[in-house]
Amino acid sequence: MASLPPVVVANTLKLDSEFRKLSAPPLPLEKRSYTPKEPNSMSSDLKESVSSVGEGNRKLESSHYFPILQECMLQNSVSGVESVHCQIIKSGFGEELFLMTFLVNVYAKCWEMGSARKVFDNLPKRNAVAWTSLISGYIYNSRPELAVGIFNEMLEAGVCPTNYTLGVVLNACTSLCDFNLAKQIHGYIVKHDLACDSSIGNALCSLYSRCRNLALAISVFENIEEKDVISWTAVVSACGDNGNSAKGLAMFVKMLVGGVEPNEITLTSVLSLCCTMQALDAGSQVHSLIIKLGYGSDLRLTNSIMYLYLKSGCISEAKKLFFGMSSISLVTWNAMIAGYAEMISLAEDALSAYLCGIEALQIFQQMNRLGLRPDLYTFSSLFSVCSSLVALEQGEQFHAPTIKTGFLSDVIVATALVNMYNKCGSINQASKAFLEMSTRTLISWTSMITAFAQHGLSEQALHVFEDMRRVGVRPNKITFVGVLSACSQAGMVDQAFAYYEMMKNEYRINPVMDHYACLIDMFVRLDRIDEAFDFIKKENLIPNEFIWSILIAGCRSKGKLELAFHAAEQLLELEPKDSETYLLLLNMYVSAGRWKDVSRVRKMMRDAKVDKIVDWSWISIQNKVHSFKFSSKKHHQDELTELLDDLIERAKPLGYKAETALEIDGEEKEEATTTSATAHHSEKMAVAFGLINTSGKVEIRVTKSTGMCRDCHSFIKIVSLLTSRTVIIRDSKRLHKFHKGECSCKDFGGLV
DNA sequence: CTAGGGTTAG
């Protein structure tokens with residue numbers, strides 16, 4: 001960078017010495033790029049004014065051209081600008097600095113940088129404003145690297161940058177992650193005490209935010225002498241971008257108290273904070289404010305509010321907005337689809353989750369019927385919906401369009417695709433999609449590692465992890481959950497602890513319960529239960545519900561019933577809130593015939609107001625989803641129960657011993673359990689339905705609302721053997737892939 | 001005449 005001449009900006013504030021330490025661990029944040037709009041045709045009014053400009057050789061003042069150029073710019077009419085440009089030349093204003101500078105700006109805003117550049121090059125004299133126009137033009141056209149080049153040319157030409165120039169160039173650095181240049185400019189700003197200027201201060205605030213230094217971003221904001229709406233908006237979104245939404249909301253309140261009126265951009269930022277915080281109250285207050293300030297029909301704001309309502313589960317409010325909107329954009333449809341997709345994970349029970357998924361797909365169909373082309377946001381939401389529904393066929397149908405449209409090259413879409421294949425149990429398609437990705441983020445790598453681990457393919461999981469390290473992607477704690485669970489499933493004790501140490505020492509990640517749970521699960525699988533307890537003692541762990549459940553399930557399957565009951569008592573002392581935990585305990589006591597304990601647990605459930613457990617299963621066949629609910633009533637002798645009974649009979653000689661499990665369907669049942677109780681668990685029926693309605697070697701995919709019970713698990717293992725079919729069941733805890741009589745969870749899938 | 005902030009996604 002050429003040396004900077006002094007800048008003419010008044011300044012009084014001293015910079016905090018903190019500012020001198022611009023530590024920039026650049027966290028690559030992909031900035032969304034603009035999509036140039038198609039040039040528009042002019043409105044009839046505009047056409048008239050453009051043609052009247054040259055009429056009758058009237059001699060116009062140069063100032064007359066500004067409003068009409070502005071109108072052309074607003075209407076994005078390149079041809080309008082061009083014909084006005086011609087008139088300007090004809091009238092002899094072609095060298096007027098102010099007018100030509102404005103024209104540079106106008107061409108830039110119409111995505112015509114070539115013309116903007118030509119106008120600039122023809123200027124006989126260029127002042128700082130002209131240079132700044134060109135620089136900002138390149139930034140507007142998503143070419144920050146060219147903007148920085150022009151900035152250097154400007155300095156070489158000996159033109160002194162203004163505060164605007166510095167602000168613009170700093171923003172270019174921010175979007176380029178060019179922290180070297182930023183540092184030089186920063187030094188210059190510090191030396192000349194310019195940080196209190198709002199154009200510079202705002203840019204610094206964004207820069208620090210991008211450097212993940214929220215404290216600095218805030219302190220630079222505090223030092224801005226005249227904080228305007230944009231300063232406030234910048235600091236509010238800086239808080240949001242750095243994971244401190246509460247601080248952002250507080251800043252927004254401060255802004256209001258200070259009497260600064262937010263504009264629609266501030267309000268969108270605030271709504272996005274409310275969204276991540278799930279702050280429905282604050283959100284609806286902002287909604288009222290929006291209406292009060294007259295932004296009630298702003299499309300972008302309405303989209304955000306609608307999404308917020310959906311994400312908070314206020315479907316009726318969201319729908320009211322949706323149907324009340326006078327115009328709807330693709331973003332509106334996407335927000336609806338994404339909102340319903342989001343509600344799947346927030347749903348209280350599996351049935352409503354399933355209904356949300358169906359609704360999301362129906363909204364997409366409506367959008368499709370209206371002829372709207374989906375974009376990358378649409379596709380990533382759709383993939384996420386399909387994975388929740390375990391609707392492989394649907395998901396596959398969206399794969400090809402993402403290739404054709406090129407959206408698959410987006411890393412988020414591609415990751416969503418990998419995830420979809422994984423969650424639908426198709427690990428081969430998942431890994432194929434992963435290998436075809438051109439760029440991978442931490443999340444892509446982590447998804448693939450977790451996917452292999454979930455399918456019991458530990459070696460592949462660890463292989464991917466090593467590849468990830470090799471290319472220099474830094475794992476996070478979720479990555480290590482995947483790695484440790486891979487080791488745990490394969491019983492690789494030494495490796496597990498090696499990775500555990502690596503996580504703590506090399507990556508400075510503090511272990512959380514999920515990590516401990518993997519290691520404990522590993523000891524339990526290896527029937528080294530003493531070591532599991534030793535580990536708990538050594539790490540001073542206070543086991544949570546989850547860890548006790550692992551211990552119980554492990555002790556049970558190893559036949560160590562006394563230990564299992566001991567663990568169960570510990571678990572009960574925690575007064576669990578999770579209904580499935582109670583289901584595990586109930587089943588345990590039922591199979592041991594300990595009826596007193598059964599009623600004790602039932603009483604605890606009532607006291608804890610735990611949700612009733614509703615056993616649903618779904619199977620998607622030819623894009624239609626069929627659902628089954630557990631029913632203890634004896635079914636009619638239809639085709640389905642006939643097949644089921646037949647399978648049960650054929651399974652018995654192969655070692656299937658129907659275990660007792662409790663009947664749970666919401667109503668209190670008699671405590672007596674018989675084998676017929678588990679015979680009609682919903683997943684058995686869904687699998688039987690799949691066997692009847694598909695043929696050949698088609699894999700059967702079922703989703704289930706609760707955890708699988710041990711009885712169904714061992715039954716379906718045998719079914720996969722008897723029928724030579726692969727059966728994939730995703731229950732509330734994990735994925736079970738049954739193949740040739742084995743399950744990918746190796747019988748430690750947290751069965752109840 | 002030049003700037004600066006923003007919706008929906010894994």
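So that the names make sense, note that chain A is the first sequence line, chain B the second, and so on, each numbered from 1. As the structure is a computational prediction, the values presented were derived from the model and not from experiment.
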For a quick check of understanding: with a heavy-atom distance under 4.0 Å over all strands, which category does A:Asn105 fall into, base, sugar-phosphate or nothing?
sugar-phosphate
Counting any heavy atom closer than 4.0 Å, what does A:Ala203 reach on the DNA or RNA strands: base, sugar-phosphate only, or nothing?
nothing
Please state whether the base of B:dG10 and the side chain of A:Thr441 form at least one donor-acceptor pair under 3.5 Å?
yes
Which nucleotide in the set B:dG4, B:dC1, B:dT8 lies at the smallest distance from any side-chain heavy atom of A:Val331?
B:dT8
Does the side-chain ring of A:Tyr164 lie flat on the base of B:dT2, meaning centres under 5.5 Å and planes less than 30 degrees apart?
no
Taking only N and O in the side chain of A:Ser133, is any of them less than 4.0 Å away from OP1 or OP2 of B:dC1?
no
For the side chain of A:Asn263 and the base of B:dG5, is some donor closer than 3.5 Å to an acceptor across the two?
yes
Using the side chain to side chain donor-acceptor pair (under 3.5 Å) rule, collect all pairs that involve residues 262-271 of chain A, keeping only residues at least two apart or in two chains.
A:Thr233-A:Thr266, A:Asn263-A:Thr266
With A:Glu436, which residues qualify under salt bridge (Lys or Arg N to Asp or Glu O under 4.0 Å), at least two apart?
A:Lys432
Does a nitrogen or oxygen in the side chain of A:Ser237 sit under 4.0 Å from OP1 or OP2 of B:dG5?
no
If you apply the rule ring pair (Phe, Tyr, Trp, His ring centres under 6.0 Å), what do you find for A:Phe151 with A:Trp131, and how did you get there?
CA-CA 8 Å; A:Phe151 176 62; A:Trp131 282 100; 9.7 Å; no
Report which part of the nucleic acid A:Phe98 touches: base, sugar-phosphate, or nothing (heavy-atom distance under 4.0 Å, all strands).
base
Over all strands shown, is A:Asn419 touching base, sugar-phosphate only, or nothing at heavy-atom distances under 4.0 angstrom?
sugar-phosphate
Using side-chain hydrogen bond (donor to acceptor under 3.5 Å, both in side chains), reason through A:Asn171 and A:Thr174 one step at a time and then give a plain yes or no.
CA-CA 5 Å; A:Asn171 284 320; A:Thr174 307; 4.5 Å; no
